There are 2 protein chains.
Amino acid sequence: MARTAGRSAEDTRHLILETAAHLIGRHGTAVPVAEIAQEAGVSKGGLLYHFATKEALLHALAEHLIEQFRAEVHRRAEQEGSGPGRLVRAYIRVSLAEAGDHARLRDSIALAAKLMFEPELEQLVQQDADRWKEELGQDGLDPSIVRLVVAAADGSNSAPLWGAILDEADRLALEEQLLALASPQPEGSSGA
Amino acid sequence: MARTAGRSAEDTRHLILETAAHLIGRHGTAVPVAEIAQEAGVSKGGLLYHFATKEALLHALAEHLIEQFRAEVHRRAEQEGSGPGRLVRAYIRVSLAEAGDHARLRDSIALAAKLMFEPELEQLVQQDADRWKEELGQDGLDPSIVRLVVAAADGSNSAPLWGAILDEADRLALEEQLLALASPQPEGSSGA
DNA sequence: GAAACTGTACCGACGCGACGGTTCAGTTCT
DNA sequence: AGAACTGAACCGTCGCGTCGGTACAGTTTC
């Protein structure tokens, strides 16, 4: 057998990436590449053809997820009413939505935890964080509000780490709270 | 050589635990037990004398860290002025302090990330989270404040995951903000 | 237009190092 | 005496990466 019928190499690559994310979310990054390959309906050799090493696979996956998140936030920002805080509110929406998708969230956390200890890949995450810090800081909001809101959004995205999964009601309530904080229309309140 | 002069078995046990936390913070839970033993100045056999298996070691370490955090928060709560919000404010203080100790924070995160995928150990974290949720909920504060503040505190403790390390100024500012939110002396503010 | 050739995509068995855990005889502190 | 180790050899497993092969899609050649 060779190229699987009706599937381009790019499709295969993408399929492997999705499968990897899925399995990593369930079993952690320790999951064997052979298992990822099998689940993706590809041989181990086939997988290694696309990603020469497991680290390369994880690297590609990290870029994939980071890029996806960033694109999603910017997409939401366009829909957000104009004025200051657009980007922050979009960041909140996407973060909290992700927090509601437990499976997907586990993918990200497991991968991020792994990257923490791979110096070469760590800076990939680092740079992304720096970029966010800058972008969110230039969104026209009070820096103290941004700091608070972003910390809370990130926190809701890290909850599974500490076992604290927000239930649906809490998640939605928190989202409303954060959006309110990031919406510059004071009705007589004082910023805390 | 046998028992090291002037050190009780309990001391050795504790030393191993501390060393393990330290190394895990630097290299992740994949660090070999032999390496932990060596770094602790103990033979591999000696380590396995105290912790029959690596999983047992990680289990003990998790309990250690969880218990330590809980004890620390309750200790701080005693020092906190009485009235509603004592525990929440103590939780904030300890969380943010930990967020400032990057090395120690990495220990916790690396371990927590590992536990996520060990069903048996996961519930250990889960139960702890449930306990916190209950305790913090009964602290006499508006639930929406607690939700916001705890999410932010947890977020600051998860920052390294996303590469977003708070600098000292931000950390202190955030701490002040959260403490203010968790202090029930309204000067004319409305709840968000 | 079909045979010969080429490169891409993929297969699957194997080698090999690493790591967890066992065993055990010996040693030293309390 | 018995608890608390040391030290080193050893085993089994597991997972990564390599490597020789294979099957098709195009492309070239006549």
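Heavy-atom basis, side chains included; hydrogens, waters and symmetry copies ignored. Sequence lines set the chain letters: A, B, ... in the order given, protein chains first and strands last, and positions in each chain run from 1. Here the structure is a predicted model, which means the values were calculated and not measured.
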Whole angstrom value for the distance that separates P of D/dT6 from CG of B/Leu47: 9 Å
Base of D/dG7 paired with side chain of B/Lys44 (donor-acceptor, under 3.5 Å): no
Plane angle bin for A/His74 and A/Trp132 - parallel if under 30°, tilted between 30 and 60°, otherwise perpendicular: parallel
Phosphate OP1/OP2 of C/dA9: any A/Thr12 side-chain N/O under 4.0 Å: no
Derivation and outcome, side chain to side chain contact (heavy atoms under 4.5 Å, CB included), residues B/Glu35 and B/His27: CA-CA 11 Å; B/Glu35 204 172 319; B/His27 307 300; 4.3 Å; yes
Under 3.5 Å donor-acceptor, B/Asp142 side chain and B/Ser144 backbone: yes
Stepwise side chain to side chain contact (heavy atoms under 4.5 Å, CB included) test for A/Asp167 and B/Lys133: CA-CA 12 Å; A/Asp167 62 45; B/Lys133 187 167 185 178; 3.7 Å; yes
Residue among A/Asp154, A/Leu96, A/Val146 satisfying side chain to side chain contact (heavy atoms under 4.5 Å, CB included) with A/Tyr91: A/Asp154
Nucleotide D/dC5, atom C1' - distance to CZ of B/Arg13 in whole Å: 15 Å
Atom-pair distance (CD on B/Glu10; P on C/dT30), nearest Å: 16 Å
Backbone of B/Leu105 reached by a side-chain donor or acceptor of B/Glu98 within 3.5 Å: no
Side-chain donor/acceptor of B/Arg89 to backbone N/O of B/Pro84, under 3.5 Å: yes
Minimum-distance nucleotide to A/Ser43 side chain [options: C/dG20, D/dG17, C/dC10]: C/dC10
Close residues, residues 26-35 of chain B, relative to DNA chain C [heavy-atom separation under 4.0 Å]: B/Val31, B/Pro32, B/Val33
Value in whole Å for how far the P atom of D/dG15 lies from CD1 of A/Ile36: 11 Å
B/Ala110 to A/Phe117 - nearest heavy-atom pair and separation: CB-CZ, 3.4 Å
Residues in contact with DNA chain C, drawn from residues 48-59 of chain A - heavy-atom cutoff 4.0 Å: A/Tyr49, A/His50
